[in-house]
Amino acid sequence: MSDTKLGFATRAIHDGQKPDAATGAVNVPIYLTSTYQQDGIGETRGGHEYARLTNPTRDALEESLCSLEGGTSAHCFGSGMAAITAMVTMMKTGDHVVCTDNMYGGTGRLFDQVMTNYGLTFSYVDTRDAKAVAAAIRPETKLVHIETPTNPMMSVTDIRAVAEVCHARGVELSVDNTFLSPYLQRPIELGADIVMHSTTKFLNGHSDGLGGVLVATRPEQAERFRFVQKCTGGILSPFDSYLLLRGVKTLAVRMEQHEKNGRVVGSFLAERLGADKVFYPGLETHPQHELAKRQQRGFGSMMSFECGSLEAANTFAKRLKLCYLAESLGGVETLMCHPATMTHAAVGAKRRAELGITDGLMRVSVGIEDVGDIVGDLEQALG
Ligand code: P1T
């Protein structure tokens, strides 16, 4: 059970992660089993029937993540995309979803190229403007799904303001909290109904496992998400659950270091390239700096910057020695991504241009190496 009086770092280590009752092992065992012996018909041990429904390693992880986000239950899936898919299965043909216009490219691809085939409709709005969200809500709108800060333009949405708009109209609000982790932002405290993560990122922290989670705030959501886990089977494996349990234990210290390094790298890039070329809410020049300061516990370590052209971005990327050119984010190592050809290729050139995702834009996930080494690598690569 979660004791909410305990601090975040303590809960990250202990909630859901009690020593094994049978042996005292301080780490949750990896339960590699697909099924469970029953003592008689209908007589399960602790409710375990079949591993698509429950697995003690995954159960422990779900308890841990639920505690960290302050929800009522958590439900883990095999990837962030599987979690988003599960969330939209709450809807029926004819239902409508309002989303942030700038999101991870795979999320829009799922909505536009898969979910529309099942009669769902999606509107993309600039959710920085709560009035634009209100204007986009229709009688058939069931969900507002936002990313804040956004991938990769780092726009910040006022979660509390959008939650008020949603609740006045009887619509649920889900927040993709991947870029900050619950250490730096807790959307449920600001009114969100569902929190979603690609746990592949900061929650795992070591770039060694995909995963996704939905954190619920109401019993009917929990029932629905459990049912989707059971019916569609896109669950997280016991081994990946273990990797996440292990990653989460150090979330607080990792995020502190990501935050420190992020500030140094953000300032360096702003000084080197000009603040107008750097998209990082930690800069005072960022249009939502004050909002980010208010609703986030820190600015995180995600940012993007403009190199000017595809050629300049590629020259920069090829010169990197320490930082890796790679998709993904949130690991201990500094990762550099070219959104136009990587994470946001599916968005299409027209929409990328509208969102400011130019061919010269590079995104950085600042790792927790010695920050002088990261800055040194960026400096030499910028030439
Ligand atoms: O990759 P997966 O675990 O399925 O998560 C999808 C996803 C969802 N939401 C956000 C905000 C994301 O950034 C992602 C995945 N993003 C990358 C792979 C990336 O490099 O941006």
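Numbering of ligands and ligand atoms starts at 1, following listing order.
- Counting the atoms of ligand 1 from 1 in the order shown, those under 4.0 Å from a heavy atom of E147 are 11 (C).
- Contacts with ligand 1 closer than 4.0 Å are made by side-chain heavy atoms of L329 only, the backbone lying farther away.
- Checked against a 3.5 angstrom limit, the closest N/O atoms of L210 and ligand 1 fall outside it.
- Nearest non-hydrogen protein atom to atom 4 (O) of ligand 1 is M81 N, 2.9 Å.
- Within the structure, the closest approach of G211 to ligand 1 falls below 4.0 Å when heavy atoms are considered.
- At distances below 3.5 Å, at least one donor-acceptor pair connects side-chain atoms of N55 with backbone N or O atoms of T57.
- Looking at atom 3 (O) of ligand 1, its nearest protein heavy atom turns out to be T200 OG1, 2.7 Å.
- Taking a 4.0 Å cut-off on heavy atoms, S328 registers as neighbouring ligand 1.
- Distances shorter than 4.0 angstrom occur between a heavy atom of K201 and an atom of ligand 1.
- In this structure, M103 has no heavy atom closer than 4.0 Å to ligand 1.
- In terms of polar-atom proximity, F179 is not counted as a contact of ligand 1, lacking any N or O under 3.5 Å from an N or O of the ligand.
- Atom CG of N151 sits about 7.0 Å away from atom SG of C337, to the nearest 0.5 Å.
- With rounding to the nearest 0.5 Å, the separation of CD in E256 from OG1 in T250 is 12.5 Å.
- Residue T343 places no N or O, backbone or side chain, under 3.5 Å from any N or O of ligand 1.
- L320 and A381 get closest at one heavy-atom pair: CD2-CB, 3.7 Å.
- No hydrogens or angles considered: nothing links the side chains of T148 and T157 as a donor-acceptor pair under 3.5 Å.
- Side-chain atoms of H48 and T54 include a donor-acceptor pair closer than 3.5 Å.
- With atom 2 (P) of ligand 1 as the reference point, the heavy atom nearest to it among G80, G78, P339, P152 is part of G80.
- With F305 as the aromatic partner, R272 does not meet the cation-pi criteria of under 6.0 angstrom to the ring centre and within 45 degrees of the ring axis.
- A donor and an acceptor atom, one from each side chain of D193 and Q221, are nowhere located under 3.5 Å apart.
- At the top of the distance list for atom 21 (O) of ligand 1, counting protein heavy atoms only, stands R363 NH1, 2.7 Å.
- Annotation for ligand 1: atoms under 4.0 Å from non-hydrogen atoms of D176 are 8 (C), 9 (N), 10 (C), 11 (C).
- Of all protein heavy atoms, the one closest to atom 7 (C) of ligand 1 is Y104 CD2, 3.4 Å.
- Under the 30°/60° scheme for interplanar angles, the aromatic rings of F122 and F111 are found to lie parallel.
- Considering backbone and side-chain atoms together, N151 places an N or O closer than 3.5 Å to an N or O of ligand 1.
- Between R218 and E172 there is a salt bridge, since a side-chain N of the basic residue sits under 4.0 Å from a carboxylate O of the acidic one.
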